[in-house]
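One structure is given below, encoded as structure tokens.
The chains referred to below are lettered A, B, ... by the order of the sequence lines, with proteins before strands, and numbering in each begins at 1.
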Number of protein chains: 2
Amino acid sequence: MKKDTSTEDKIREAARQVFLAKGFDGCTSREIANAAGENVALVNYYFRSKSQLFKIIFEAAMDDFILSMVQVFGSDKTLEEKMRIFIEHEYAFLEKHPELPSFILNEMNREEGCTMDHQKYFLKVAETGIFEECFKAQEEGRMRSISLSSIPLLIMSNCHYPVMAKNMLMQLHGMTSTEYDENLNLHKKLVSDMLVNFLFPQSN
Amino acid sequence: MKKDTSTEDKIREAARQVFLAKGFDGCTSREIANAAGENVALVNYYFRSKSQLFKIIFEAAMDDFILSMVQVFGSDKTLEEKMRIFIEHEYAFLEKHPELPSFILNEMNREEGCTMDHQKYFLKVAETGIFEECFKAQEEGRMRSISLSSIPLLIMSNCHYPVMAKNMLMQLHGMTSTEYDENLNLHKKLVSDMLVNFLFPQSN
DNA sequence: TCTTGTTTTAAACAAACGTTTAAAATCCTT
DNA sequence: AAGGATTTTAAACGTTTGTTTAAAACAAGA
């Protein structure tokens, strides 16, 4: 009789949870095994090493992180609508995965640093046609003519940072977690308005 | 004859450098001692424990981090000018201390988490009179009426995130470090314009 | 020079780390 | 039911961790 969840999957899921919460340096093989309710040796039996297991988790997390952003681009809305939907979508996604931005950024800053398959992600974005759409909108004056690398940076800054800095800002403002989340919901609207007004100046 | 730099200071400075680069979990006592060119035992001789030493470094870093932001508020410029100077100031500060935002945020997200003396920092900000200045500007309609916690969040998002995400975005865009820094310099102007236009709508 | 207190050293400590081993338990096919 | 492969276990491996020890080196006053 097959078990409902395989040991391999249990370890993978426990590893994901532990790695995302504490980072590679911040946890041990035994901690992952305990979280999975399994023996330490099974971690290496199924995944050869802590590093190997981490690599799998990191790459899956990077997929989640990047691809969650891409899927909006393909729709048949105007750029301005896409922008608003994108931000809405990103805030909703981060509500479910609040540890993701910190995890990705930290692990990429590590010395034995993680790398990403940037071709893979670049292609995913390119094939939505969003680049051409932006160039056209910039030529026609519908969109502010700024570097195409600044646009995602503006969006990510205003979507990711508020989630990443939650613990610090809660303490700084003396807020509870739910208070912060409520403010975040209001902040989302500000971000949306600000970015749309800035990138599509005629839309006022 | 007194040495030019005391052993205690050498260890403190090495610790700052190593902790900021790798975080508490990412380094060892021996690594710090080696960076200082001293014996491992001296770390505990002067600072009792790795944790104790870390606490000192973290609190100094938090001071740098927060107080670098506060000192602009006290000047006698208009709010709009202060905003621009503040952003300029913050980008310049982060050019010298690019690891600081990641360090602070990560360590505050740790389980055995660091805390901050939020009263201390709140008072530092409050005594510049910036709160009253903002309230007045909002009442008079010179400044957009949004939550006073959203304003620093907007600024920090757009100043800190671009520095924190450098390694990731470099890889994603296939850029070199200097290319990224050049873009960042252009981005700074965008951020400045965007935030000023958003917060002081009449200034167009 | 001897004494006292401070600083530095090499060595050791127990605990925890990632990983491996070898035997036990379980599974699946015949 | 027997067999061989797979999965799981407890124990151990050698390192590295943070920390402590005890002796050595040094400084400075009497």
Can you figure out which of [options] approaches the side chain of [X] most closely?
X	options	value
A/Tyr46	C/dT8, C/dT19, D/dT7	D/dT7
B/Thr28	D/dA10, D/dG18, C/dT19	D/dG18
B/Ser49	D/dT19, D/dT6, C/dT19	D/dT19
B/Lys50	C/dT8, D/dT6, D/dG18	D/dG18
A/Asn44	D/dT20, C/dT8, C/dT19	C/dT19
A/Ser29	C/dT19, D/dT19, C/dA10	C/dT19
B/Arg30	D/dT7, D/dG18, C/dT8	D/dG18

Presence of salt bridge, [Y] and [X], under 4.0 angstrom:
X	Y	answer
A/Asp193	A/Arg84	yes
A/Asp181	A/Lys166	yes
A/Lys124	A/Asp63	no
B/Glu132	B/Lys136	no
A/Glu80	A/Arg142	no

NA contact type, A/Ser51, heavy-atom cut-off 4.0 Å: base, sugar-phosphate, or nothing?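 Here A/Ser51 touches no strand at all.
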
Would you classify A/Val43 as touching base, sugar-phosphate or nothing, given that sugar-phosphate means primed atoms plus P, OP1 and OP2, and contacts are heavy atoms under 4.0 Å?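 No contact.
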
Can you list, in residue-number order, the parts of residues 17-27 of chain A that come under 4.0 Å of DNA chain C, counting heavy atoms only?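 Within residues 17-27 of chain A, the residues near DNA chain C are A/Cys27.
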
D/dT7, OP1 or OP2 - any side-chain N/O from A/Thr7 closer than 4.0 Å?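 Indeed not, no polar side-chain atom of A/Thr7 lies that close.
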
Give, for atom CE of A/Met156 and atom CG of A/Leu105, the distance between the pair rounded to the nearest 0.5 Å.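 With rounding to 0.5 Å, CE (A/Met156) is 7.5 Å from CG (A/Leu105).
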
